[in-house]
Structure formats: C-alpha cells, structure tokens
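A quick write-up on the structure given underneath.
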Amino acid sequence: MLKITDLHKKYNDFTALRSLNLEVGKGEIYALLGQNGAGKSTTINILLGLLKPTSGDAFINGVSVTGYPDRVKKDLAYIPETVLLYPNLTGLENLDFFSRIAGFEYSREQLSGFLNRTGLQETAHHKMLGGYSKGMRQKVGIAIALAKDAKVLLLDEPTSGLDPIATAEFTEIVRQLGQQGKTVLMATHDIFNAVSVASAIGIMKQGVLVQNLPSKAFTAEELQELYLKTI
Amino acid sequence: MNTYLYKQFYRNRAYITALVFLWLAGIMAIYTGKKFLERNHDIIAKSEAFQKESIRRNVQYHKDDLGLILYYVKLNLVNKTPQLAALNIGMRDLNPSIQGVTIRNLEEQRYNADFYNPSNAAAGNLDFSFVLVFLFPLIIVAFCYNLISEEEEKGTWKLLHVQSSRPGRLIDAKMRVRFMAVTAVYVVLLVIAKTWIGIPADLPFAVFMISGWLYIIFWFMLCRWIIAFRKSSAQNALILLILWVTMNFIVPMAGNMVIQKMYPVRESLKAVMQQREGYHNKWDEPKLPTMKKFYQAYPQFSKFTVEENDAFTWTWYYAMQHMGDMEASSSSRQYAEKMQKRNNAAVFLGYLFPNIHTQLTESRVAGTGMDNHLEFASALKKFHEKKRLFFYPLIFSGKNAEAVNWNDQAVESFEDSRNISLLQVFLPYLVLIILLFSLSQTKYRKLC
C-alpha cells in the first residue's frame, strides 16, 4: 500500500534522507521513531508532495508520488502535530469545508457522525474553533481524515502535547483505523504509544532507517533501551 | 466551499471594518463632489443674472457710447460641467468653469478668473476618483497580501494541500470573495452617486464605471502575482505597499518632472507680456501703422478710417487692443501646443501605469481634465472673436446702445463633444491584467 524506494533528500550540503526503503501494508500501522532532524517529517512531506526528493520515489497504492502527486493525494489523509484550522468557522463547518475541497459533500448528520466517532462532544460541534483545546482540534483533524476515507494516513507526531486521556483516545482511533484496513505511517517521539498501537516500528537516525522492527517483539521498556542505544 | 470562504471573510471584523471605511470614504467623496457641483451650478446660474445686470447698468449710464459699454461689459462663456464631474473634480477646482471676457484683448483676460479660494484648491479635493485610485488599492492589498502566506504561517496550508488537488483554485476562490466584496462596495457607491447626484446613465458614465472596475481588477491581479512568489506575509505587504507608493507618488512626481523638463512652458507669461507691450506701446506710436495691421487682419473694417491726430476714437482703441492679441498669438499658440504635448505625454505614461490612466480617463469622460481645459480655452478664443466681430462694426460706425438687442447677449455654453475611444480606454487595462494573470498562472500551477 505504501512503498518507499531508495529515497534521498539533500538540502545543499545537508542530507536529510539517505537511501530510505520502507513498505507498509494494508491495515498496518508503522511508527517512525527518531530525534528531531532524523528525517521523519521530511519523509512525510515528500509523501504529501510538499517536498521533491533528490532521488528515489515513493508509491501510494502503486502510484508514484513524484510522478502523479495529484492522484496520490486522493488516497492520502494527513494529521499534523497540531491541527490548525480556521478559528472563525465552527468544528462542523471546518470539517465540511475541508471535506468539500477534497470533493466530498456530506449531510450535517453525516458530518456530526464523523465528529462523534472521534469522541468530540456534540455541544462542541457548533462552537467556533477559536475556542477549542488542542485535543479538540486534533479530533476535528481526525474527523477530516475519516471523512476523506483515504487509504493511507500520514500522522506527524499527532499526540505531541496532548494530555494522557486525549492521547489514549487518539491511539484507540488509530488502532481502529488500522483494523478497518487503513495504512498508517506515524512519525512520533512517543515510544509507549508506538508500542501500543503500531504493528511495526522504525528508528531513524540522521536520515537513515537504522532499525526496522516488529513492535510485538518488544515491551515499551525494551524498545526505549534499544532506542537510546541506537540514537 | 464558497459559502465557508464567504463566512470566513465576513466573520472577520477587520475585513468588515475595512469595507465600512472604504464605503464611508466613498460617501464623503461623493458628498464633496455634490457640493462642488452645486457650487459650480450656483455660480453659473448667478452669472446669467450678473451679466444681465451689468449690461443693464452700463446701457443705462453710457447709452450713447457703445464703445464704452463694451469696454466694461463682460460676456460669459460657460464650460458645461457634466454631473459626472462630481466624481472626478480633476482640474475644475483650479480652472474655472465659467469665464467672462470683454471684447478687449483676450490674452490679458484668460487668467482673470479666480472664482474659488486658492487655499481650498491647494488643500485639494477628496473626490471619488481619489478614493478609487488611492484607497481602493490599499484595501485590496490588505485583503490579499497574505492569501497564501497566511495559510502557511497559520499551519493550514499542508492540510489544504493534501485535501485539495488544486490549492491554486482555492486561493483564487478566496480572492474572488474579496473581489466580490470590493466590487460590491464600488457598485453601491456608484449607484448612490448616480441617484444622489443625478448622473445620467450614458456612455461617459459607463466608461467611468468600467474603467474604475478594471482598475480594481488590475490591483487584484497584481496581488495575485506578488503572492504567487510565496514570500512571507510581511514581505508581500512590503512589496505591495512599495508598488502602491511607487505607482501613486514616485512615478507621477518623477513623470511630471520629466514632462516639465521635456516641454518647458514659458509661453503663458510671455504671451501676457507680449500682449501688454503690444497694446500699451501703441498709445505712444503713430495710429496709422496700427490701423494698417488691423485692416490687414480684417479688411472688412478698412472703411472705418482713423485720422493721424490726437483725437481718441474707439476704432483706434480696439485696434490697439487687437494688436495685443496679435503680437501674443504665436506664444499663445505655442503655449496651447506645449500643454497639449504635456497632456499627450501623461496619457502615454498612463498606458504603463493604470493609476495615471484611470485618473486621466475619468477626468476625460467627466470633462475635468487638461484636454477639456485646452478645448475650452480654444472655444473661449472663438467666442471672444465672435463677439468682437459682432460689436466692432457697430462701435466703429458710432452706434449707440439701442443698436444692439441686448437680450441676445446671454451667457453662452461650451460643451465638450470629443469622442471617447473605447479601445484607447480599455486596452491598457486589459493588456496589463492579462499579463499579470499569465505571469501568476504559471506560478499557481506549481501550487498544485
């Protein structure tokens, strides 16, 4: 479903990605761990079509990211570290707006249904987003991804800054998405979260994928030890 | 999608405040223009009564001396002021819309026509064209400078980029919302102006309206091009403001300096001096050479002879006056030609800078520009000549006031009837708009 082949990205003298190869199958959740600057976000930005790789390519559902970025977008959904939406629209309006620009038109009931699935309280649906907490905004971000019904989800440190309850709720939603057959690539610093939700884990260091492991083989503590040794 | 773009726009108080400000500035400008027009019409209406009264008194006191009556009586020519002039006062606050002249030499009288307080003229007028040319672009810049950069800086760009296969279209849709809002203010103001001032719905009004609208489109296209470079909001704002200052202040000032340097006009003072010398010196010279020149110009008056002696005759007096104009005629013609050249140069500059083009176009259709002033000056000369040729034979043959039907000596009007070349008006806008659209379009494709 998601395949990265020999991906390189250089910024002048700095190499952000070095020969990255990765495959994430249907229904798999892959967690990318690594320090800041390890290349996680660069990988996601290339998959989103926001950056062009220096060499190599990536394929979403068999379609080249560099060759057909517009076609690839149809199969992609993205949840950033901080979901920033329009503060002078309500949560429901934001969801409707982002769905419409993706080509989906839903009824108000359907839109409310997506928001309900994320656990966002009904009373918040019609409040201006300016008054939302970060956790609530993340939920609207998830609803946007759900409404797009994309095959592949790219999550860039999505639980960063969330309180433990919100993190747990978010993790549960991601797990459900995996069970529904969605492919998830998640860049994260949260080792415990990665172990609990991911089917495989990669550790990146200075643009190189140095470890590619099945998550079930480790406890969180073991993975933390390995991570610290690796980086 | 558009509904939400409208909601986003209209829920932003800063945008609404800007639109209200623009609307209020427009209303103030329309009010200023209305007052100008009322004052103008009032002066023109009064001039009719003043002229009648002046004739009545002079006929009463000098009924046996027609030459003396015509020495004093001023005959007025009105430069008709279209209602549209209320929206573009142009040069009408400096150049009079009515000019009274006696049949004595013209060059001396051309500049004796201050109806307005010069200090008011120095302060300038806030007319609708000023609001359009100077304030509308500022609001357009404020609405558009961050259309892309705002999304990047607020963090929504990535999500928009992933959700939409054509983010460029979304940016265009956002721009369209702003364009509709600005256009709505513009149209509402023009509808108010039309109703309040009573501007006829004719071709000049249509040209005025469309040229202003194309000017608005030009600024939107300029913003579209600048923001397509994907600089930060601060950089975009700075670049657009520099362009605004350059177009509205630096280019017109520099252009004016260059045009003045290219076409120095010293002939106005020269013409006044020449006519004064041409006339006054004749008092100390023999009469016959003066009369000879006069008869050469007007052979039909050669039967009215003048003796070479110390006696005063009106024939000799008006011939002397006439000599003043004749001796200044070359300078007067050169003055008009150079002013026309200056105007032509400004028109050419306007083809490159829509703000200048808009000002010139709107003052042209409103009859308030330099070309109208020059046409009026030319019409005044013809009017003056017509009056001379009517009164000369009556004066020279010693007729009294009863020989003239004074009711025929009413205020006359000049109407600017030059054609408007639609191609000349609209093509410069269209070329620049298409150019800017094409330049930005190549960059917008890369947004996808």
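All chains are named by letter (A, B, ...) in the order of the sequence lines, taking the proteins before the strands, and each is independently numbered beginning at 1.
Remark: the backbone N or O of A/P80 is not paired with any side-chain donor or acceptor of B/K158 at under 3.5 angstrom. Side chain of B/Q163 to backbone of A/F98: a donor-acceptor contact under 3.5 angstrom is found.
Few gaps surround NZ on B/K194; more than 12 heavy atoms of other groups in view lie less than 6.0 Å from it. Annotation: A/R175, atom CZ; neighbour count of heavy atoms from other residues, nucleotides and ligands within 6.0 Å is above 12. When the shell of 6.0 Å around OH of A/Y68 is examined, it contains 12 or fewer heavy atoms from other residues, nucleotides or ligands. Summarising the local packing, CZ of B/F21 is surrounded by 12 or fewer heavy atoms from other residues, nucleotides or ligands at distances under 6.0 Å. Around atom OH of B/Y31, no more than 12 heavy atoms belonging to other residues, nucleotides or ligands sit under 6.0 Å away. Surrounding NZ of A/K3 are at most 12 heavy atoms belonging to other residues, nucleotides or ligands under 6.0 Å away. Taking a 6.0 Å sphere around CD of A/Q121, one finds it holds 12 or fewer heavy atoms contributed by other residues, nucleotides or ligands. Residue B/W23 qualifies as open at atom CH2: its count of foreign heavy atoms under 6.0 Å is 12 or below.
Counting heavy-atom pairs under 4.5 Å between each of A/I144, A/T82, A/L89 and chain B puts A/L89 at the top. Comparing B/L170, B/L5, B/L160 by how many heavy-atom pairs each has under 4.5 Å with chain A, the most go to B/L160.
From B/R166, atom CZ reaches atom CG of A/D70 across 6.0 Å, with rounding to the nearest 0.5 Å. Taking CG from A/N88 and CZ from B/F9, the interatomic distance works out to 11.5 Å, rounded to the nearest 0.5 Å.
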| query | Does the pair A/K148 and B/V162 meet the rule for a side chain to side chain contact (heavy atoms under 4.5 Å, CB included), with working shown? | reply | CA-CA 10 Å; A/K148 195 176 180 187; B/V162 175; 3.7 Å; yes
| task | Tell me, with the steps shown, if A/R100 and B/Y4 meet side chain to side chain contact (heavy atoms under 4.5 Å, CB included). | result | CA-CA 10 Å; A/R100 281 171 189 269; B/Y4 292 118; 4.0 Å; yes
| Pair B/L159-A/L84, side chain to side chain contact (heavy atoms under 4.5 Å, CB included): steps then yes or no | CA-CA 9 Å; B/L159 198 52; A/L84 293 163; over 6 Å; no
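Side-chain contact between A/Y86 and B/R11 is absent, with no heavy atoms from C-beta onward closer than 4.5 Å. At least one side-chain heavy atom of B/Q8 sits under 4.5 Å from a side-chain heavy atom of A/F97.
With a 4.5 Å cut-off on non-hydrogen atoms, A/N94 does not touch chain B at all.
Between A/K73 and B/S164, the shortest heavy-atom contact is NZ-O, 3.1 Å. For the residue pair A/E93 and B/K7, the shortest heavy atom distance occurs at OE2-NZ, 2.9 Å.
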